[in-house]
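In what follows, a single structure is set out as structure tokens and then discussed.
In this chain, numbering begins with 1 at the start of the sequence shown.
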Amino acid sequence: MITVHHRTTTIDGRTVFYREAGNPSNPAIVLLHGFPTSSFMFRHLIPALADTYHVIAPDHLGFGLSDAPSVDDYEYTFDHLTDTTDALLTQLGLERYALYVQDYGAPIGWRLALRHPEAVTAIITQNGNAYEAGFVRDFWDGMFAYASDPTPQTEPGVRAALSLESTQWQYLNGVDDPSVVSPDTWTHDQALLDRPGNDLVQLALFRDYPSNVALYPAVHDYFRSTQVPLLAVWGEREGIFAADGATAFSTDLPDAEIHLLPSGHFALESHLDAIAGYIRGFLARVGI
């Protein structure tokens with residue numbers, strides 16, 4: 001049995017929760033979760049990798065068991081979430097690490113890579129976009145309309161993304177057998193989304209999302225200049241980031257390894273063994 005530690009530390013006066021497993025002398029992998037979840041999404045992947053790797057999975061501020069200061073006390077932007085993650089990795093003494101990014105974890109990971117290209121040994125992206133290709137317009141058009149003009153007319157559409165129905169949909173959409181996905185997933189996430197004031201946290205991040213798209217040209221330059229080893233393992237049936245988002249990585253990284261899985265946004269829930277196997281094989285092939 002792999003021991004997984006559940007830890008907290010203080011970053012700039014805020015409590016940050018993270019999961020840690022594996023020997024710190026082994027190569028490091030940092031797992032960055034998306035919306036609306038937390039490091040809880042990696043609860044099974046961490047022990048599947050930690051026999052060989054030192055695995056760190058933080059909860060972003062406003063998510064999971066990390067502090068969720070009000071929007072009056074903290075400016076929720078992807079730059080600021082990256083600041084916290086960057087400070088955590090520095091505090092933990094991680095000078096080199098592979099990144100696993102999913103959904104919101106992707107723009108945080110891209111910012112880390114742009115700040116510290118020498119630190120990133122490899123990237124695994126699981127439904128974490130870096131190209132406009134792959135945006136499912138039925139999901140994103142309302143989000144971008146709200147971000148460009150946050151009014152009482154555009155807000156109700158994005159507030160729907162904070163509902164239990166939407167959270168459950170993210171987990172089950174595209175999955176052949178919904179019974180393999182534990183209801184603990186969306187129940188856990190929704191309880192944290194429903195905390196007083198957390199709706200305003202999420203709306204602030206929705207408004208900041210276009211900053212991630214504006215960053216894409218710099219990310220593409222980073223890919224081209226470094227040729228960082230990259231594995232894309234993608235639930236191809238989801239309704240947020242379509243399969244085009246995965247295949248787009250080969251535009252700037254012709255050696256990117258891309259696997260499309262018959263699953264959805266949270267493909268770890270249905271395809272844990274396949275994804276863990278792809279990760280282990282990929283990292284071994286690139287010498288990590």
Side-chain angles (χ1 to χ4, degrees), residues 6-20 24 28-42 54-125 128-130 143 147 192-193 195 197-223 226 228:
H6 303 83
R7 306 189 189 278
T8 59
T9 190
T10 301
I11 304 292
D12 296 329
R14 310 291 186 191
T15 297
V16 174
F17 173 87
Y18 64 99
R19 301 169 197 254
E20 180 176 20
I29 305 177
V30 177
L31 312 179
L32 299 178
H33 70 82
F35 167 87
T37 186
S38 64
S39 62
F40 184 75
M41 72 170 282
F42 300 121
H54 179 208
V55 187
I56 301 290
D59 288 354
H60 310 313
L61 291 182
F63 295 82
L65 299 178
S66 288
D67 275 354
S70 75
V71 293
D72 295 325
D73 295 329
Y74 181 83
E75 184 182 2
Y76 283 92
T77 67
F78 287 90
D79 280 340
H80 288 161
L81 295 182
T82 305
D83 291 342
T84 300
T85 305
D86 198 358
L88 172 66
L89 301 184
T90 298
Q91 186 181 103
L92 296 177
L94 295 187
E95 297 180 351
R96 286 176 62 76
Y97 46 84
L99 286 171
Y100 181 117
V101 301
Q102 192 264 353
D103 192 80
Y104 276 10
I108 294 170
W110 308 148
R111 284 169 169 81
L112 287 172
L114 291 173
R115 294 181 188 187
H116 310 291
E118 74 292 342
V120 178
T121 58
I123 294 171
I124 302 106
T125 174
N129 248 41
M143 191 74 70
L192 295 169
L193 273 179
R195 288 174 292 177
N198 197 260
D199 57 337
L200 301 181
V201 169
Q202 304 307 328
L203 291 175
L205 289 171
F206 292 165
R207 292 193 297 273
D208 190 52
Y209 201 90
S211 72
N212 301 326
V213 180
L215 198 68
Y216 284 173
V219 176
H220 303 162
D221 287 343
Y222 159 75
F223 289 157
T226 65
V228 60

* Ring centroid separation Phe40 to Phe17 under 6.0 Å -> no

* Asked: Do Val201 and Asn198 come within less than 4.5 Å of each other through their side chains, counting heavy atoms only?
  -> yes

* Minimum heavy-atom distance Arg195-Leu192, with the two atoms named -> NE-O, 2.8 Å

* Asked: Quick one: does Thr8's side chain have a donor or acceptor within less than 3.5 Å of a partner on Thr15's backbone?
  -> no

* Going by heavy atoms in the side chains, are Leu112 and Tyr97 under 4.5 Å from each other? -> yes

* Structure fact -> For Ser39 and Asp59, the nearest pair of non-hydrogen atoms, with its separation, is OG-OD1, 2.6 Å

* Asked: How far does CD of Gln102 sit from OG1 of Thr125, to the nearest 0.5 angstrom?
  -> 8.5 Å

* Would you please indicate yes or no on a ring centroid separation below 6.0 angstrom for Tyr104 and His60? => no

* Distance (rounded to the nearest 0.5 Å) between Leu32 CG and Leu81 CG -> 10.5 Å

* To do: Taking the side chain as every heavy atom from C-beta outward, state whether Thr37 and Phe42 have any pair of such atoms under 4.5 Å apart.
  => no

* Asked: Going from CG on Asp221 to OG1 on Thr226, what distance comes out if it is rounded to the nearest 0.5 angstrom?
  -> 10.5 Å

* State, with a plain yes or no, whether a side-chain heavy atom of Ile108 is found less than 4.5 Å away from one of Phe78. => yes

* Looking only at heavy atoms, what is the nearest atom pair of Val120 and Leu99, with distance? -> CG2-CD1, 4.0 Å

* **Atom pair CG/OH of Leu92 and Tyr18 - distance to nearest 0.5 Å** => 4.5 Å

* Asp12 atom CG, over 12 foreign heavy atoms within 6.0 Å -> no

* Return each pair, listed once, that meets salt bridge (Lys or Arg N to Asp or Glu O under 4.0 Å) where at least one residue sits in residues 100-120; pairs must be two or more places apart or across chains. => Asp79-Arg111, Asp83-Arg115, Asp86-Arg115

* Structure fact -> Separation between OH (Tyr76) and CZ (Arg207), nearest 0.5 Å, reads 12.5 Å

* State, yes or no, whether a side-chain contact exists between Val219 and Phe223 at a heavy-atom distance under 4.5 Å. => yes

* To do: Heavy atoms only: give me the nearest Asn129-Ala106 pair and the separation to one decimal.
  => O-CB, 3.8 Å

* **Least distance between heavy atoms, Leu88 atom then Val16 atom** => CD2-CG1, 4.3 Å

* Out of curiosity, Leu203 CG to Asp208 CG, how far, rounded to the nearest 0.5 Å? -> 12.5 Å

* **Gln91 atom CD, over 12 foreign heavy atoms within 6.0 Å** => yes

* Give a yes or no answer on whether the side chain of Tyr74 reaches the backbone of Arg14 with a donor-acceptor pair at less than 3.5 Å. => no

* **Leu193 versus Pro36, closest heavy-atom pair with distance** => CD1-CB, 3.6 Å

